[in-house]
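Encoded as structure tokens, the structure appears first; notes follow it.
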Amino acid sequence: MAAVMTQPEPRTAGGHTGEPLLSVAAVARRLGVAPATLRTWDRRYGLGPSGHTVGRHRKYGPLDVARLELMQRALLRGASSAEAARFALDSKSALTHGEVPVTPSGGGGRGLKMPGASKLARGLGRAAVAMDSIAVQGMLADALATEGVIATWNEVVRPVLNAVAARWQLAGTGVEVEHLLNECVLAAFVRATPLVTLGRNHRPVLLACMPEERHNLPLYPLAAELAHRGIVVRQLGAALPADALAAAVRRTAPSAVVLWAQLPRYADAGVLTAMPRTRQQVRLFVGGPGWRRGVVTSPAERVGDLAAAVEAIEAAVT
Ligand code: B12
């Protein structure tokens with residue numbers, strides 16, 4: 001007969017055993033809120049530690065923390081404190097499915113200065129500052145589905161990237177937020193890039209960063225929008241060495257090449273003139289603030305923003 005081990009009773013309603021109990025300070029650090037905020041949520045909404053006592057202090061169990069994370073995520077999505085608390089308390093299913101309510105946003109991006117930014121951008125800014133990558137991903141996916149690639153990049157993502165950069169310049173903090181945001185943005189645009197098998201262009205469009213240039217984010221909305229328009233793209237990403245670019249051009253015979261330089265020091269016109277000659281014409285586009293006027297030599301064409309780049313490339317290759 002099979003022996004059946006009975007699980008020890010969890011010490012809280014629905015609590016998991018084996019995971020450490022956390023102090024108010026530890027939970028505050030984890031959520032990025034002040035301990036006083038947690039005490040207020042406890043007092044006002046009953047979202048406190050549900051019964052653990054270690055010494056004189058009440059400690060938060062895993063389910064208590066999960067409920068607080070739901071509360072915080074709902075707040076980041078724009079719910080009022082009362083709505084978010086009700087959601088967290090009612091959310092037995094949300095604890096397993098990660099659902100969050102979407103309600104209109106109230107205030108501005110906490111910790112980021114984003115004057116004139118859209119509600120979506122402010123929500124994204126708050127989620128990024130809280131390092132809540134699940135909320136960031138959710139918001140980016142929603143924005144991409146409802147607003148499309150170009151508007152999501154220009155009106156949602158760029159304001160947050162610029163605000164994060166401004167905060168770093170002013171206060172010297174937030175590099176971790178910038179990295180988390182980059183990764184989420186990159187992933188979101190990759191997910192929003194359909195696979196084009198039968199393209200409108202017969203030869204691909206190559207997208208790459210100049211040698212040593214690591215700022216490759218803007219190439220991802222570009223790839224996504226071109227793919228939505230049925231254009232086949234080969235994404236070569238960050239810091240492509242000049243000889244690898246030459247090899248890629250020889251091997252794929254592209255209809256167009258787009259080279260990104262964020263920083264002027266990587267906008268080396270020599271790389272453009274050293275591009276190998278191919279039998280068929282290759283249209284050469286350069287993008288990014290690194291390509292100052294005067295640096296770009298003909299026949300390369302400078303594209304100034306995402307929409308203009310998409311239009312110019314589409315017209316050149318179809
Ligand atoms: C994300 C980021 C990073 C990420 C890049 C990740 C990635 N995968 O791309 C990481 C962390 C790697 C990084 C590294 C560095 N970074 Co950085 N980074 C940024 C940040 C925040 C966003 C870059 C970006 O994507 N910009 C695109 C959009 C958001 O910029 P925008 O100004 O709104 O857009 C303009 C144009 O690009 C154009 N446009 C916008 N979108 C599109 C799309 C297309 C297709 C086209 C054609 C045009 C176009 O329109 C706008 C008007 O001109 C910028 C700040 C900023 N505001 O750009 C700093 C910034 C560019 N970085 C900076 C620096 C100094 C660095 C480092 C040198 C830091 C270091 N000490 O290591 C390194 C350099 C690494 C390298 N070798 O390249 C400085 C550059 C200052 C300067 N001008 O010299 C900036 C401006 C931050 C700052 N305020 O100081 N960075």
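In each ligand, atom 1 is the first atom listed, and ligand 1 is the first ligand listed.
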To which protein heavy atom is [atom] closest, and what is the distance rounded to 0.1 Å?
| atom | result |
| --- | --- |
| atom 8 (N) of ligand 1 | Asn216 OD1, 2.5 Å |
| atom 87 (C) of ligand 1 | Ala165 CB, 4.3 Å |
| atom 44 (C) of ligand 1 | Trp260 CZ3, 3.5 Å |
| atom 2 (C) of ligand 1 | Glu178 OE2, 3.2 Å |

**Study point:** CZ (Arg200) with more than 12 external heavy atoms under 6.0 Å
**Key:**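 Yes, because the 6.0 Å sphere around CZ of Arg200 holds more than 12 heavy atoms from other groups.
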Is [atom] near the protein, in the sense that some protein heavy atom lies at less than 4.0 Å from it?
| atom | answer |
| --- | --- |
| atom 49 (C) of ligand 1 | yes |
| atom 53 (O) of ligand 1 | no |
| atom 65 (C) of ligand 1 | no |
| atom 61 (C) of ligand 1 | yes |
| atom 78 (O) of ligand 1 | yes |

Select the closest option to [atom] among [options], judged by heavy-atom distance.
| atom | options | result |
| --- | --- | --- |
| atom 29 (C) of ligand 1 | Met210, Glu213, Arg158 | Arg158 |
| atom 63 (C) of ligand 1 | Gln262, His215, Arg302 | His215 |
| atom 89 (N) of ligand 1 | Gln169, Arg265, Glu183 | Gln169 |

Carboxylate-amine/guanidinium proximity below 4.0 Å for [X] and [Y]:
| X | Y | answer |
| --- | --- | --- |
| Glu155 | Lys119 | no |
| Arg265 | Glu212 | no |
| Asp64 | Arg67 | yes |
| Asp132 | Arg126 | no |

Taking distance alone, with N or O pairs closer than 3.5 Å, would you say [X] contacts ligand 1?
| X | value |
| --- | --- |
| Leu217 | yes |
| Asp305 | no |
| Arg214 | yes |

Can you tell me which portion of [X] lies within the under-4.0 Å heavy-atom range of ligand 1? Options are side chain, backbone, both, or neither.
| X | answer |
| --- | --- |
| Leu263 | side chain |
| Glu212 | backbone |
| Asn182 | side chain |

Check your understanding: If we ignore angles and hydrogens, is there a donor and acceptor under 3.5 Å between the side chains of Gln262 and Arg214?
Key ->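 On atom types as modelled, these side chains do not qualify, holding no pair under 3.5 Å.
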Review point. Can you list the ligand 1 atoms lying under 4.0 Å from a non-hydrogen atom of Leu161?
Key: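 Near Leu161, meaning under 4.0 Å from one of its heavy atoms, ligand 1 has 21 (C), 25 (O), 29 (C).
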Check your understanding: Does Thr318 use its side chain to pair, donor to acceptor, with the backbone of Ala315 at less than 3.5 Å?
Key ->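 Not at all, since once roles are kept as given, no pair shorter than 3.5 Å links the two residues.
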**Study point:** Sub-4.0 Å heavy-atom contact, Cys209 with ligand 1
**Key:**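 Under 4.0 Å: no for Cys209.
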